[in-house]
Structure formats: C-alpha cells, structure tokens
Number of protein chains: 2
Amino acid sequence: MDKIAHSECNKLLVPVRDALDILSGKWKLPIITTLRFGVIRFKELEREIPGITAKMLSKELKELEMNQLVKRTVLDTTPISVTYELTEYGRSLETVILELGKWGKAHRERIFA
Amino acid sequence: MDKIAHSECNKLLVPVRDALDILSGKWKLPIITTLRFGVIRFKELEREIPGITAKMLSKELKELEMNQLVKRTVLDTTPISVTYELTEYGRSLETVILELGKWGKAHRERIFA
C-alpha cells in the first residue's frame, strides 16, 4: 500500500471528522432542523424538541453559537426573552444535511428492500 | 411554528441519522478511507489503522458487510487469508464524505482564521 498517499488520506479525515462532530450527538440535528424554520424563542425551541432539557438545550446552543452556526438575541421584554436563529453560515450546513439525507434514504430502501 | 411542516422535518431526520450512524464512531471512517485503496488483507488493514484491535476491526467490518458497503473474500491459501474491499455501493459514500470534508475544511479555516 502506498504509505504517502495514505497519510494524505488521513489528513483528509480531519475535516470530515470535524463536520461529523458538529452534526453528531442526539440533539444537534433536531436543533438545527428546527431553527431552519426561522427565529425561535428558547422556550418554544425546548417544546419543539421532545426529551431535551433546558440545561442540555442551553449547552448545545452555546456550542452552535461558538461555531458561528447560530445567533442568539436578547429581547428587551419583561421578562427578558432570548431568541435563536441559524446564521447565514449555519445555513451552509444544509447541503451536507441534504447529501446525508439522500444517502441515508437510499440506504434504508436498499437494506430494508 | 407550523406543527405539520415540523413533523415532516423530523421524518427527514431519520435518513440523515442513518447516514451519520454509518459514518460516526472512531473506526468506520479510517476503515472506509483505507479500503478506498483497493483489496486489502485483514492483517494489512489492521496495521494501517493505528490503535485498532483485531477484535474491533472484525466487528466494524462485519457491520460494514451487513450494510453491503464492504465485500469479504476468503482466499484458499495456507494459512487461509481474508481480503476486504469496498463494494460498488460502498463507493457511493464517497460523495457524502467529500461533502463533509469540504464543509469541515471551510469550517476549520473560518473558526481558526
């Protein structure tokens, strides 16, 4: 086996792994998918994702914010309310999610055919 | 928020989740990437993937075989040897992996810019 080509290959794996890390885990996908619907308040987001706790939602949103995929806005209401939305950059995930969905759909049809 | 559209969205998540399950975990990607190089014996595959045990490699290969992504061939040599290769169908993962890699690369550049 060609050692050099293979170490090149491993270098390719790092960004693939990065993308998978962002999308994997139980909650990232449901949060990103829900936020595709627009600007959503924390409480509504929590209601929309069955089984998620406020603590977990807050942690996941912080990570998505850190990765510049989600924007958090504090509204000057009483009581204060906070909304979340996908950033323009966050919407760039759409192609990857659609590609994964396409492959996953074909796979499901093939395996359970 | 439009409840009906959202339940549609959740239905879309299932195939995305299927694809992620196939690609996630520590070893699937390095195995699939190594097998892109052609037909490889078990022992060589084990050597090519630092840190993997024979037991783990065998388990992961069985799963990939079950998902029709990898083909196993027993060679009538003494001692018997076994080779593995990506199936034609297994190569269909390439588009998804490339899309993930593209997004991951851009993400890395953006976040660490």
Side-chain angles (χ1 to χ4, degrees), chain A residues 1-3 5-26 28-30 32-34 36-41 44-45 47-50 66-69 89 92-113, chain B residues 1-3 5-26 28-30 32-34 36-41 44-45 47-50 66-69 89 92-113:
Chain A
M1 254 226 354
D2 178 344
K3 285 261 172 268
H6 191 51
S7 70
E8 278 310 304
C9 233
N10 276 336
K11 247 196 267 165
L12 280 177
L13 275 190
V14 170
V16 178
R17 192 79 72 191
D18 286 350
L20 283 174
D21 287 348
I22 296 264
L23 290 170
S24 298
K26 195 172 173 184
K28 290 278 186 345
L29 266 176
I32 292 167
T33 314
T34 306
R36 284 168 72 200
F37 282 83
V39 182
I40 303 177
R41 290 170 195 264
E44 193 175 355
L45 204 45
R47 266 199 313 273
E48 276 301 320
I49 303 169
M66 231 175 48
N67 279 298
Q68 303 174 17
L69 300 167
Y89 174 58
S92 72
L93 272 170
E94 213 133 305
T95 344
V96 181
I97 291 175
L98 286 176
E99 204 57 47
L100 284 162
K102 235 177 5 180
W103 193 86
K105 189 166 175 287
H107 185 62
R108 191 165 265 267
E109 281 154 11
R110 181 187 175 106
I111 295 293
F112 300 119
Chain B
M1 243 208 18
D2 179 345
K3 283 262 170 268
H6 190 50
S7 68
E8 279 309 306
C9 234
N10 276 336
K11 248 195 268 167
L12 279 177
L13 276 190
V14 171
V16 178
R17 191 79 72 191
D18 287 350
L20 282 174
D21 287 347
I22 297 265
L23 291 170
S24 298
K26 195 172 173 182
K28 290 279 187 341
L29 265 175
I32 292 166
T33 314
T34 306
R36 283 168 72 199
F37 281 83
V39 181
I40 304 178
R41 288 170 196 264
E44 194 176 356
L45 204 44
R47 265 199 312 273
E48 277 301 320
I49 303 168
M66 230 175 48
N67 279 298
Q68 303 175 17
L69 300 166
Y89 175 57
S92 72
L93 271 171
E94 213 135 300
T95 343
V96 179
I97 292 175
L98 287 176
E99 204 58 45
L100 284 162
K102 235 177 10 181
W103 193 87
K105 188 167 176 286
H107 185 61
R108 192 165 265 266
E109 282 155 9
R110 181 185 174 108
I111 296 293
F112 300 119

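Letters A, B, ... are given to chains in the order of the sequence lines, protein chains preceding strands, and every chain is numbered from 1.
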Most heavy-atom pairs under 4.5 Å with chain A, out of B:Arg108, B:Met66, B:Lys105, belong to B:Arg108
Between B:Glu99 and B:Lys102, does the salt bridge (charged side-chain N to carboxylate O under 4.0 Å, His left out) criterion hold? Intermediate values first, please.
CA-CA 5 Å; B:Glu99 204 58 45; B:Lys102 235 177 10 181; 3.6 Å; yes
Does any non-hydrogen side-chain atom of A:Arg17 lie less than 4.5 Å from one of B:Pro30?
yes
What is the distance from atom CG of B:Leu100 to atom CG of B:Leu93, rounded to the nearest 0.5 Å?
10.0 Å
Between B:Lys26 and chain A, with a heavy-atom cut-off of 4.5 Å, which part of the residue counts as in contact: side chain, backbone, both or neither?
backbone
Given side chains that start at C-beta, do those of A:Ile111 and B:Asp18 come closer than 4.5 Å, heavy atoms only?
no
Checked B:Asp21, B:Asn67, B:Thr95 vs chain A; the most non-hydrogen pairs under 4.5 Å come from B:Asn67
Per-residue tally against chain A (heavy atom, under 4.5 Å) across B:Leu23, B:Ile97, B:Ile22 peaks at B:Ile22
